**Q** 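I'd like to ask some things about the structure below.
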2 protein chains.
Amino acid sequence: MALTIGELGKATGTKVETIRYYERIGLLPNPPRTGGNYRAYGEPELGRLSFIRRARDLGFPLDQVRALLSLSDDRGRDCATVDALARDHLTEVERKITDLTALRQELSALITSCKGGTVADCRIIETLAPAPHPHG
Amino acid sequence: MALTIGELGKATGTKVETIRYYERIGLLPNPPRTGGNYRAYGEPELGRLSFIRRARDLGFPLDQVRALLSLSDDRGRDCATVDALARDHLTEVERKITDLTALRQELSALITSCKGGTVADCRIIETLAPAPHPHG
DNA sequence: CTTGACCCTATAGTTGCTACAGGGTGCATA
DNA sequence: TATGCACCCTGTAGCAACTATAGGGTCAAG
């Protein structure tokens with residue numbers, strides 16, 4: 001059961017270039033090669049790449065994925081580290097949601113304030129432009 | 001009233017490197033220089049950079065900021081284009097919020113499922129790892 | 001006349017890919 | 001056997017939007 005890079009990509013929903021990129025940054029091992037210098041993947045690489053994909057789909061950045069991978073190899077270890085990593089990531093996601101929600105609020109207020117007309121009267125532009133401050 | 005790049009940065013809350021970057025990509029004009037080849041800014045650049053900052057703070061990407069800037073110069077134009085631009089951006093922000101909210105849901109379910117123990121029993125790792133599929 | 005804060009240019013690094021350019025391989029088909 | 005096509009290879013550059021570094025120059029104060 002040897003997979004080409006394209007087959008591995010199809011099996012995991014990953015682009016070929018991305019797989020080679022993961023290899024380059026050491027997230028995937030250098031696989032054995034065929035006579036024609038094609039990468040030949042097996043079950044373990046398929047598993048590893050699936051793991052990576054799932055973690056990425058959950059939004060974990062690559063360095064955290066790397067950490068998760070190495071933690072997952074250490075079966076006897078306390079999983080508190082894994083838990084902490086996931087919690088950190090969740091916190092980060094929540095922070096982004098908070099920021100974006102505030103942004104949405106501001107943006108929709110801005111848009112609502114625009115009642116048409118020319119750019120000269122536009123509330124959006126007016127909000128962005130600096131107040132023409134009086135000077136002596 | 002001539003400002004150095006550092007003063008302009010302080011006045012607008014922008015790092016010096018960022019100002020130079022904006023100049024390089026044509027978002028800010030090449031300012032006049034002093035005898036010692038220092039950039040010398042005036043009121044118009046201060047206004048323009050403030051505009052850029054506010055738009056960036058509202059999350060507009062640089063190409064949209066560029067568009068907003070050029071629209072704002074065209075005072076007689078219908079502001080519908082500005083409005084559409086802002087609405088597009090709002091839609092984008094809402095899409096991100098939706099995505100992140102789904103992610104938060106998945107992540108917190110994952111974290112809740114982890115009841116401690118070793119990595120071997122860890123539900124987080126288990127979720128990420130591929131199901132050991134039976135083969136004939 | 002030296003110290004220190006500031007300025008200059010040019011270039012490389014960040015994250016996570018994606019997209020070439022310019023070639024080689026492998027299989028089917030005429 | 002030749003040819004076409006899909007796929008593979010390496011290496012490098014590009015994307016957003018900065019940030020940081022190296023290696024220098026300028027200017028005001030003491």
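All figures in this text were calculated on a predicted structure; none of them were measured in a lab. Basis for what follows: all heavy atoms, side chains included, without hydrogens, waters or symmetry-related copies.
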**Q** Answer with base, sugar-phosphate or nothing: what part of the nucleic acid does A/T4 contact at a heavy-atom distance below 4.0 Å?
**A**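 It contacts sugar-phosphate atoms only.
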
**Q** Starting at the 5' end of DNA chain D and moving along, which residue's nearest nucleotide shows up first, B/Y21 or A/R24?
**A**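 The 5'-side residue here is A/R24.
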
**Q** So which one's nearest nucleotide on DNA chain D is more toward 5', B/Y38 or B/R53?
**A**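 Checking each residue's closest nucleotide, the 5'-ward one belongs to B/R53.
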
**Q** In this structure, which one of A/K96, A/R95, A/H89 forms a side-chain hydrogen bond (donor to acceptor under 3.5 Å, both in side chains) with A/E92?
**A**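 Between A/E92 and the candidates, side-chain hydrogen bond (donor to acceptor under 3.5 Å, both in side chains) is satisfied uniquely by A/R95.
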
**Q** So A/I25, base contact, sugar-phosphate only, or nothing? Heavy-atom distance under 4.0 Å.
**A**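 Contact class for A/I25: none.
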
**Q** With a 4.0 Å cutoff (strictly under), does any side-chain N or O of A/T34 reach OP1 or OP2 of C/dT25?
**A**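 So the side-chain polar atoms of A/T34 never come under 4.0 Å of the phosphate oxygens OP1 or OP2 of C/dT25.
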
**Q** Could you tell me whether the side chain of A/E45 and the main chain of A/G42 form a donor-acceptor pair under 3.5 Å?
**A**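 Present.
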
**Q** Select base, sugar-phosphate, or nothing to describe what B/R20 touches, counting heavy atoms under 4.0 Å on all strands.
**A**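 Since a base atom lies under 4.0 Å of B/R20, the category is base.
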
**Q** Under 4.0 Å between a side-chain N/O of A/R33 and OP1 or OP2 of C/dG24, yes or no?
**A**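 Checking A/R33 against C/dG24: no side-chain N or O falls below 4.0 Å of OP1 or OP2.
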
**Q** Measure CD/A/E17 against P/C/dA21 and give the value in whole Å, please.
**A**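 It works out to 14 Å between those atoms.
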
**Q** What's the spacing between B/S72 OG and A/I124 CD1 if we round to 0.5 Å?
**A**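 Output value for this atom pair is 12.0 Å.
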
**Q** Using whole Å, report how far CD of B/E23 lies from P of C/dT9.
**A**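 B/E23 atom CD is separated from C/dT9 atom P by 7 Å.
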
**Q** For the pair made of CG in B/N37 and P in D/dC27, what is the distance, rounded to whole Å?
**A**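 After rounding, the gap between these two atoms is 10 Å.
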
**Q** Phosphate oxygens OP1/OP2 of D/dA17: is one of them under 4.0 Å from a side-chain N or O of B/T18?
**A**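 Looking at the OP1 and OP2 atoms of D/dA17, neither is under 4.0 Å from any side-chain N or O of B/T18.
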
**Q** Whether the side chain of A/E7 engages the backbone of A/T4 through a donor-acceptor N/O pair (distance < 3.5 Å, no angle test) should be reported.
**A**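 Yes; judged by distance alone, with no hydrogens or angles, the pair exists.
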
**Q** Using whole Å, report how far CD of B/E7 lies from P of C/dA5.
**A**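 In whole Å, C/dA5 P and B/E7 CD are 16 Å from each other.
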
**Q** Whole Å only: how far is the NZ atom of A/K10 from the C1' atom of D/dC7?
**A**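 So the two atoms are 10 Å apart, to the nearest Å.
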
**Q** Check every atom of D/dA20, C/dT18, C/dC17 against the side chain of A/L62 and return the nucleotide holding the closest atom.
**A**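 Among D/dA20, C/dT18, C/dC17, the one nearest the side chain of A/L62 is C/dC17.
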
**Q** At less than 4.0 Å, is any side-chain N or O atom of A/R39 found next to OP1 or OP2 of D/dT10? Yes or no.
**A**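 True: A/R39 side-chain N/O within range (under 4.0 Å) of D/dT10 OP1/OP2.
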
**Q** To the nearest Å, give me how far apart CZ (A/F60) and P (C/dC17) are.
**A**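 My rounded result for the distance is 15 Å.
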
**Q** Using whole Å, report how far CD1 of A/I19 lies from C1' of D/dC9.
**A**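 Roughly 14 Å, once rounded to whole Å.
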
**Q** Quick one: pull up CG in B/L90 and CG in B/D83 and give me the separation to the nearest 0.5 Å.
**A**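 Here the interatomic distance stands at 10.5 Å.
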
**Q** I need the CZ-P distance between B/R66 and D/dC18, as an integer number of Å.
**A**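 Taking CZ of B/R66 and P of D/dC18, I get 12 Å after rounding.
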
**Q** Using a heavy-atom cut-off of under 4.0 Å over every strand shown, decide if B/Y22 touches base, sugar-phosphate, or nothing.
**A**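 Sugar-phosphate only.
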
